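Following: one structure in structure tokens, then a few remarks.
Just so it is clear, the model here is predicted, and its values are computed rather than measured. Chain naming here is simple, since letters A, B, ... match the order of the sequence lines and numbering starts at 1 in each.
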Number of protein chains: 2
Amino acid sequence: MAPEKSRRERPAKPALTRDGIVAAAVGILREDGLRKVTMRRLAQELDTGAASLYVYVRNTAELHAAILDELLGTIPSPPPEGGWRDRLERLLMAYTSMLLEYPGLALSALVARPSGEHYLRLCETLLTLLAEGDVPSERRAWGIDLLLQHATATAAEHADEDSPEDWDALARAVRDADETTHPQIAAHAADLLTGRPAQRMSWGLQVLITGIADTAVPPERTLT
Amino acid sequence: MAPEKSRRERPAKPALTRDGIVAAAVGILREDGLRKVTMRRLAQELDTGAASLYVYVRNTAELHAAILDELLGTIPSPPPEGGWRDRLERLLMAYTSMLLEYPGLALSALVARPSGEHYLRLCETLLTLLAEGDVPSERRAWGIDLLLQHATATAAEHADEDSPEDWDALARAVRDADETTHPQIAAHAADLLTGRPAQRMSWGLQVLITGIADTAVPPERTLT
DNA sequence: ACCTGAACACCGTTCAAGT
DNA sequence: ACCTGAACACCGTTCAAGT
């Protein structure tokens, strides 16, 4: 690691490596957000040309995926107190919180299925917790997919970076909903707009965990 | 079999309207995919300059949202046979199928909370179905959020447009998982990679519906 | 093998000027 | 009020040429 991080003259241009590139990318992410993590900006930071990066990274999507896995390694594993459901919920909350710190990253996680070291470790832990809860074996794999998808999507919904404008538009639309044409929306307007995010997230996870524990996999069709 | 491609192909330049712009945008979406629905390309299609569009559309995100609502209007409401659970599942499947036809659109749906006419109608129908199932009133609003999020996220995961490359990488990582460091992954490798999408989606929806019907909203904390 | 500058083919958005 | 050309400030990716 370079001892000085002054943005003045870099004393000697460090050799390019994949790890160095990813580390620099994480730096840009923390400072300026994912949308600034571009090949050109990254190259500038590393004092080289954008084309040089393509020796180590296939494309921008792969770069984002590498960043994601790096950050998955920073999730603290919650203390082993409490039952499996509690620990499961806390771990997924920690995962979501991490994604929420970096708007836009959740979208990458959703589109580019991760497959890095830290992602596998997370899956391993999740599978272990479901096993501890005596969730039938066949449902564990699909279950963690569902749980991770929910956590990721929840973070992705807040990827706006800015603009509560969409939310405003929705709030207006819900409130203006005609009681005769949209009776259900009118009746549930308050709940539809309720913003207590932690409570909602917690309920969502409990719904999933309960559902996973209680719902059998449907019979496979047409195996002849 | 276009007889002429001359610049006089369009007989008279139609006046710009928001509806006309959105309609043209949907056309580009169907033909070339969402990533080609850009202000510049759209302007070209409408025989004008990109700047002119900003009179009718705030920005690209709003344009995408308008497209989404337009397409929500094309979802056929499934026949009223079967119980509320079946109809709920079929409607959400139809929603997902529509999104899957237009890769990338699901991502817009996730980030930019829709608030258009057709979106409200869909919510209304979903709320009615949950009410029919005697789901307690307080859970209905949060429930449809969960269901729509799941359906949208499932479609978004397939937004790759191309490149089964990510999936390959994951498959390799799972298969290469060391049995001693990743025993759970090794044990569940088959299920983790199982691809039967319809069966998985159906199970996911049933998990959610069951969970919503069975899970009480947690008590509100710290109101004292 | 690695690195580079330059080029290709695009973007969103703003703005002064016209009608 | 609506429309426009031009400009600003960017993108990802490829490629021939260098080392």
Side-chain angles (χ1 to χ4, degrees), chain A residues 10 12-25 27-29 31-68 103-105 107-108 111-112 159-163 165-166, chain B residues 7 10 12-25 28-29 31-68 103-105 107-108 111-112 159-163 165-166:
Chain A
R10 269 170 270 269
K13 198 164 113 176
L16 282 174
T17 56
R18 193 179 206 271
D19 287 351
I21 289 170
V22 173
I28 297 172
L29 172 69
E31 270 176 50
D32 297 310
L34 189 67
R35 59 191 323 165
K36 296 285 187 182
V37 183
T38 68
M39 291 303 209
R40 290 175 114 110
R41 167 72 188 279
L42 187 51
Q44 184 186 312
E45 211 84 6
L46 292 166
D47 207 9
T48 182
S52 308
L53 304 177
Y54 285 81
V55 177
Y56 305 95
V57 163
R58 203 187 316 274
N59 52 40
T60 307
E62 196 196 287
L63 175 66
H64 288 355
I67 293 175
L68 173 66
L105 192 60
L107 286 175
S108 289
V111 172
D160 268 38
E161 188 99 45
D162 34 28
S163 87
E165 170 216 292
D166 286 346
Chain B
R7 64 196 67 187
R10 269 171 275 270
K13 196 164 118 178
L16 282 172
T17 56
R18 193 176 206 274
D19 286 350
I21 289 170
V22 173
I28 297 173
L29 173 69
E31 270 176 50
D32 296 311
L34 189 66
R35 59 191 325 166
K36 296 288 187 180
V37 183
T38 69
M39 291 303 210
R40 290 176 115 107
R41 168 71 190 278
L42 187 50
Q44 185 188 309
E45 212 83 6
L46 292 165
D47 206 9
T48 181
S52 307
L53 304 176
Y54 285 82
V55 177
Y56 305 94
V57 162
R58 203 188 315 276
N59 51 40
T60 308
E62 197 196 287
L63 175 65
H64 288 356
I67 293 174
L68 173 65
L105 192 60
L107 286 174
S108 288
V111 172
D160 267 39
E161 188 96 46
D162 35 27
S163 88
E165 170 216 294
D166 286 346

Next item on the list: Could you go through the side-chain contact (heavy atoms from CB on, under 4.5 Å) check for A/Asp166 and B/Glu62 one step at a time?
Entry: CA-CA 9 Å; A/Asp166 286 346; B/Glu62 197 196 287; over 6 Å; no

Where the side chain of [X] is defined as all heavy atoms beyond and including C-beta, which of [options] is the nearest nucleotide?
| X | options | value |
| --- | --- | --- |
| A/Arg40 | C/dC3, C/dA7, D/dT14 | C/dA7 |
| B/Val55 | C/dC15, C/dC2, D/dC3 | D/dC3 |
| B/Met39 | C/dG12, D/dC11, D/dG5 | C/dG12 |
| B/Leu16 | C/dC11, C/dT13, D/dC3 | D/dC3 |

Item checked: Separation of B/Thr38 OG1 from B/Leu42 CG (nearest 0.5 Å) ->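 Answer for the CG-OG1 pair, B/Leu42 versus B/Thr38, is 7.5 Å.
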
Note to self: To the closest 0.5 Å, what do you measure between CG (A/Leu16) and CG (A/Leu53)?
What the structure shows: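 Spacing of CG (A/Leu16) from CG (A/Leu53) equals 7.0 Å.
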
Between [N] ([atom2]) and [X] ([atom1]): distance, integer Å:
| X | N | atom1 | atom2 | value |
| --- | --- | --- | --- | --- |
| B/Arg41 | C/dG12 | CZ | C1' | 17 Å |
| B/Arg18 | D/dA1 | CZ | C1' | 18 Å |
| A/Leu46 | C/dC3 | CG | C1' | 13 Å |
| A/Arg35 | D/dC10 | CZ | C1' | 12 Å |
| A/Gln44 | D/dC11 | CD | C1' | 13 Å |
| A/Leu53 | D/dC11 | CG | P | 13 Å |
| A/Arg58 | D/dG12 | CZ | C1' | 16 Å |
| B/Asp47 | D/dC2 | CG | P | 19 Å |

Notebook entry, point to check: Is there a donor-acceptor contact under 3.5 Å from the side chain of B/Arg18 to the main chain of B/Tyr56?
Noted result: yes

Next item on the list: State whether B/Thr60 places a side-chain N or O below 4.0 Å from either non-bridging phosphate oxygen (OP1 or OP2) of C/dC11.
Entry: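 It does not, given that no N or O in the side chain of B/Thr60 lies less than 4.0 Å from OP1 or OP2 of C/dC11.
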
Check: Phosphate oxygens OP1/OP2 of D/dG12: is one of them under 4.0 Å from a side-chain N or O of A/Tyr54?
Finding: no

Next item on the list: Answer with base, sugar-phosphate or nothing: what part of the nucleic acid does A/Ser52 contact at a heavy-atom distance below 4.0 Å?
Entry: base

Checklist line | Base partner of C/dT13, which must satisfy Watson-Crick or wobble distances under 3.5 Å | finding: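 Pairing partner: D/dA7.
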
Notebook entry, point to check: In the structure shown, which nucleotide is the Watson-Crick or G-U wobble counterpart of D/dC2, with both distances under 3.5 Å?
Noted result: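 In the structure as shown, D/dC2 has C/dG18 as its Watson-Crick or wobble partner.
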
Checklist line | Pairwise C1' distance for D/dC15 and C/dC2, with rounding to whole Å | finding: 15 Å

Margin query: I'd like to check B/His64 versus B/Val111 (side-chain heavy atoms, cut-off strictly below 4.5 Å). Are they in contact?
Written below: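 They are not in side-chain contact.
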
